[in-house]
Amino acid sequence: AQSVAQPEDQVNVAEGNPLTVKCTYSVSGNPYLFWYVQYPNRGLQFLLKYITGDNLVKGSYGFEAEFNKSQTSFHLKKPSALVSDSALYFCAVREFLSGGYQKVTFGTGTKLQVIP
Amino acid sequence: ETGVTQTPRHLVMGMTNKKSLKCEQHLGHNAMYWYKQSAKKPLELMFVYSLEERVENNSVPSRFSPECPNSSHLFLHLHTLQPEDSALYLCASSQDGTGHYEQYFGPGTRLTVT
């Protein structure tokens, strides 16, 4: 069964320090992996994705993520955190099945708090 | 703005009411989704429409009824809801089949069932 795990409910980091938000996944086929961010009272915003190709993907607002097939991980990273990065971050996996069906699974979310 | 709009933004309804949520995407996408976001629970995919055909229904109770009249519009018809249906309902769209697949979300409708 397809699943996504975000092991940390909350991550605290000082402004200017590097940040990492963890995500591991489980799918039966090739994963399509995504990171989204949600600010209070807003919908989710797409940050970046891995479909195929280079394992290191770069996205919006200076975020990047590394696809690690052997560890089934897709951790979100940023070299220098900003206070404005404080938000809820979701990892997601999509799997396309036979008959045109698809499954989309989101992690439970990780609250990122950047401390000034 | 993500190009996906939802109305209304807030809705309070009694358990015997009938209401509808509306979603419109202005991105030319070919797939649309309904999600339920409840406090302290993972985002739940409810329905997926690809090329206006439903391709996913995650065992959602029949009191929720989706409608996709065209590729730009998606509705969620609600009737005889329960208090536990109170949540943020998010609509999303994506352009599948072109290497994209990322979803663009609307701001959501905050639903309260009394």
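Being a predicted model, the structure only gives us computed values, none of them experimental. The chains referred to below are lettered A, B, ... by the order of the sequence lines, with proteins before strands, and numbering in each begins at 1. Below, each value reflects all heavy atoms present in this structure, side chains not excepted, and no hydrogens, waters or symmetry copies.
- Scanning residues 47-66 of chain A against chain B with a 4.5 Å heavy-atom cutoff picks out A/K49, A/I51, ordered by number.
- In the hydrophobic cluster analysis, where Ile, Leu, Val, Met, Phe, Trp and Tyr join through side-chain heavy atoms closer than 4.5 angstrom, B/W34 is grouped together with B/L81.
- Between B/D96 and A/R94, the closest side-chain pair of non-hydrogen atoms falls below 4.5 Å.
- The closest side-chain heavy-atom distance from B/Y35 to A/L44 is not below 4.5 Å.
- By the criterion of side-chain heavy atoms lying less than 4.5 angstrom apart, applied directly or through intervening Ile, Leu, Val, Met, Phe, Trp or Tyr residues, A/V114 is not grouped with A/L82; the two fall into different hydrophobic clusters.
- If you run side chain to side chain contact (heavy atoms under 4.5 Å, CB included) between B/Q103 and each of A/F34, A/Y36, A/F46, only A/Y36 comes through.
- Hydrophobic clustering keeps A/V37 apart from A/L88 (ILVMFWY residues linked when any side-chain heavy atoms are closer than 4.5 Å, directly or through intermediates).
- At a heavy-atom cut-off of under 4.5 Å, chain A is reached by B/Y104, B/F105, B/G106, B/P107 from residues 104-114 of chain B, listed in order of number.
- Hydrophobic clustering, with ILVMFWY side chains joined whenever heavy atoms are under 4.5 angstrom apart, groups B/F64 together with B/L11.
- Under a cut-off of 6.0 angstrom, the local environment of CG in A/N30 is sparse, with at most 12 non-hydrogen atoms contributed by other residues, nucleotides or ligands.
- The candidate with the highest count of non-hydrogen atom pairs below 4.5 Å against chain B, out of A/Q38, A/Q6, A/Q45, is A/Q38.
- For the pair A/G43 and B/L90, the tightest heavy-atom approach, listed with the atom from each and the gap, is CA-CD2, 4.0 Å.
- Using a 4.5 Å heavy-atom cutoff, the side chains of B/Q37 and A/F90 are in contact.
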